[in-house]
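Here is the naming used below: chain letters follow the sequence lines, and residue numbers restart at 1 for every chain. When reading the values below, keep in mind they use all heavy atoms of this one structure, side chains included, and skip hydrogens, waters and symmetry mates. Note that the coordinates shown come from a computational prediction; the quantities given were computed from them, not determined experimentally.
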2 protein chains.
Amino acid sequence: MLGAQAVGPADGTAFDQAGSGDVRELDDDAHDSAHDSAHDSAGQSPPGRAAADATRKGRPTMADVARAAGISTALVSIVIRGVPGASEETRRRVLRIADELGYVPDQRAQKLRRSSSRVLGVVFELQQPFHGDLVEHLYAAAARHGYEAVISAVAPSRAESTAVNALLRERCEAAILLGSRLSDEELERLVRRLPTLLVARRSGVPGVGSVRGDDMVGIRLAVDHLVGLGHRRIAHIDGAGAPGSSDRRLGFLQGMTDHGLADCADVLAGGLTEEAGAEGMRYLLDRQVEPPTAVIAFNDRTATGVLDVLAHRGRAVPGEISVVGYDDSRLAKMPHVQMTTVSQDAAGMADAAVAAALDLIKGGTPRETVLTPRLVERATTGPAPH
Amino acid sequence: MLGAQAVGPADGTAFDQAGSGDVRELDDDAHDSAHDSAHDSAGQSPPGRAAADATRKGRPTMADVARAAGISTALVSIVIRGVPGASEETRRRVLRIADELGYVPDQRAQKLRRSSSRVLGVVFELQQPFHGDLVEHLYAAAARHGYEAVISAVAPSRAESTAVNALLRERCEAAILLGSRLSDEELERLVRRLPTLLVARRSGVPGVGSVRGDDMVGIRLAVDHLVGLGHRRIAHIDGAGAPGSSDRRLGFLQGMTDHGLADCADVLAGGLTEEAGAEGMRYLLDRQVEPPTAVIAFNDRTATGVLDVLAHRGRAVPGEISVVGYDDSRLAKMPHVQMTTVSQDAAGMADAAVAAALDLIKGGTPRETVLTPRLVERATTGPAPH
DNA sequence: CTTCCCGACTAGAACGTACTAGTCATTGGG
DNA sequence: CCCAATGACTAGTACGTTCTAGTCGGGAAG
């Protein structure tokens, strides 16, 4: 499905000797064997020392390779990049020498020189499984377009603005923010410096693009599914102030209303964590005269908390209560969980995000791409009881 | 506990105008006030256009600032870096102009120029909560030493060698690998190019440092704890081939033997995922004549799978079965889980890792730092039944 | 024998910053 | 009244690449 990037022409375990890893595919065999023999013959110092030596004062540069090969740096550059302009013989020789010397192209200099850095910045949240899925696909999607993804994490002790600043200094060509919580003013400041793309969040700021699932539709899929199973009393544990939560809340209420179930709809303040879901579910079980027969959680993490509480209370899922998550992240797919959830299609979203970002870089007008989510029926939903 | 980096001298919401954010601390007040006023007065074009303009052909450079201020780039450099050598008046003026122009120092050029890039590379696994914890603390620890952490993720579709290559090209000064699965040969190749530090894994390769918890001791803490609570039949669901798993397996068996319970010890092949734990627990419940009264899982994720199965089967925890995890990651701390676990102290480990990496960079001899883990008693362990 | 082209190669100028070694006033001590 | 010291500033080089505009030889076409 994604191929092409992870296992390169080499054997997949070797580290780059030279080149960007995706350009050359010429002569890795000769190259590798040359390396091994060189390895033995070059060793006049024990491995411990060798390591220290290589690291001591700067790593070998193109000039070192050129000198060793008795040619110009320009020619070395040609060989390393794998572009035409060098004879087959020279090419082989340079590659061998580069390997012997342990030369690795300096990305800082490459990026500085190349007009475009070919780098996309990605800001994500460290502990959100769905973000993990997205990041993984973003790496692949970027690589497919010849771009590199550099990631910068947000965590309780690392503010989003800190993460963004790191990317800004990195001189990436665009920023892709996953589920960003930046204010409109902050986004305005940012987009003035860098093409900016929001993922899984609606953009209120002109100039800022957005790729997101249709949250209203997504929640309605869940509502329709549950109503179709005979459920009437359905609760929604929402995402508090998180991006997308108001859409989902609205979609839920509208969906219920359209089914004539406005009175049976219940919305609880939740959050993005397991604990928020657990708290919400506990409240529903303990404080309500008649608990709902189905719960739609803001996301899979929240739903996991809901499921935990139900399991501990001995409530059968889906026998007594059905549960629907959102995102179709790793959590929902786990074999012992099998959560019914609304899929945001991480791979498709990543593709769309990279495409949109590249369009922004090329000067395209910022657009809002809305993907249609899809319901994934698994084992946590079933017919309403009695 | 970590301070100093997340909430900087600025208001925490603004993006960097200039400076590396951690070197200067001289005149941030003047800087900021100048900044605000500049912000209002500079707007002669609408935000939409401004964005396009700023991005069109390269961002402003030091030379642009220098030209606008009628001074040399060298002086601008002095001001931006906050080093002595410019008058207070010039300093203020340059800072204001830099802000107006939206100047952000180019990290590529900075790193290229500075002999040391002041960057630590970190390779982590996207979907491991404990890695998430470590990364968060590594950011902070690196910042405390004036270093920047750049992270590169490993995922099912992104091999560890790919992640490492990305860092190699980034020219970081050292690589910190979390729970690496690289083979000894691969590590040997790597350490020849870059000081390398393993976290949460024993290093078998000379030249490669390591910071890890004492896994034998950690598991014995768990065993002692459970035996002290009267448990005799204890199972260990291990980490299959994961780093540390053989130590933990050994520690478990040795601990049980020392308590004269060698016959009651049971080791199951597990893994690092919830599913591995669930499968192991299901096996213990279904296939064994007398299931154990306590389970020690390889890590918190594995333990989570165990707990899920127990909850679904209606087995009381810790009433019937006690469960111990490992890592004290986010999963163990969740209020509705309250898992008893062996803490690896992510913060301490991150500190030690950064310190060790910096030592390696300075040419120190690679060492193995072993931290003593600590048992965190929470709600998933209790006295053995009857 | 020219002329032209083509492949293999090179010189040298960027890229944006940091930093060394200055210059040029001004001050202050002798 | 000169010399050294100080503060504010600048020229110019280096960092390791990429890339433009070549040079140089030699074979094919005229």
Out of the candidates A/R158, A/E160, A/E170, only one should pair with A/S152 under the side-chain hydrogen bond (donor to acceptor under 3.5 Å, both in side chains) rule; please name it.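 It is A/R158; the other options fail the test.
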Separation of [N] [atom2] from [X] [atom1] (nearest whole Å):
| X | N | atom1 | atom2 | result |
| --- | --- | --- | --- | --- |
| A/Q107 | D/dG16 | CD | C1' | 13 Å |
| B/E170 | D/dT17 | CD | P | 14 Å |
| B/L75 | D/dG12 | CG | P | 17 Å |
| A/K111 | C/dA14 | NZ | P | 24 Å |
| A/R114 | D/dT20 | CZ | P | 13 Å |
| A/E88 | C/dC9 | CD | C1' | 16 Å |
| B/R108 | C/dA14 | CZ | C1' | 13 Å |
| A/M62 | D/dA14 | CE | P | 19 Å |

When we call it a touch if two heavy atoms are under 4.0 Å apart, what does A/T90 touch: a base, just sugar-phosphate, or nothing?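 Sugar-phosphate contact only - A/T90 comes under 4.0 Å of backbone atoms but never of a base.
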Select base, sugar-phosphate, or nothing to describe what B/S87 touches, counting heavy atoms under 4.0 Å on all strands.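 Sugar-phosphate: the residue B/S87, judged by heavy atoms under 4.0 Å, touches backbone atoms but no base.
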Just compare [options] and give me whichever is closest to any side-chain atom of [X].
| X | options | answer |
| --- | --- | --- |
| B/S77 | C/dC9, C/dA18, D/dT17 | C/dA18 |
| B/R81 | C/dC19, C/dT17, D/dT10 | C/dC19 |
| B/I78 | C/dG16, D/dT10, C/dC9 | D/dT10 |
| B/A74 | C/dT17, D/dT17, D/dG12 | D/dG12 |
| B/S72 | C/dG16, D/dT10, C/dT10 | D/dT10 |

DNA chain C: B/L112 or A/I71, which has the more 5' nearest nucleotide?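 In this pair, the answer is A/I71.
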Between [X] and [N], is there a contact of a side-chain N or O with OP1 or OP2 at under 4.0 Å?
| X | N | result |
| --- | --- | --- |
| A/T61 | D/dG16 | no |
| B/Q110 | C/dA18 | yes |
| B/R113 | D/dA14 | no |

Between B/R93 and B/A69 (side chain of the first, backbone of the second, donor and acceptor by atom type, cut-off under 3.5 Å), is there such a pair?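 Here the side-chain-to-backbone pair exists.
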Identify the two heavy atoms, one from A/A141 and one from A/D351, that lie closest to each other, and give their separation to 0.1 Å.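 Heavy atoms of A/A141 and A/D351 come nearest at CB-OD1, 3.4 Å.
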I'd like to know if the side chain of B/R81 pairs up with that of B/S77 as donor and acceptor (distance under 3.5 Å, no hydrogens or angles considered).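 Their side chains do contain a donor-acceptor pair, which is all the 3.5 Å distance test asks for.
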Residue among A/E173, A/Q110, A/E148, A/H145 satisfying side-chain contact (heavy atoms from CB on, under 4.5 Å) with A/R118: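 Output: one option passes, namely A/E173.
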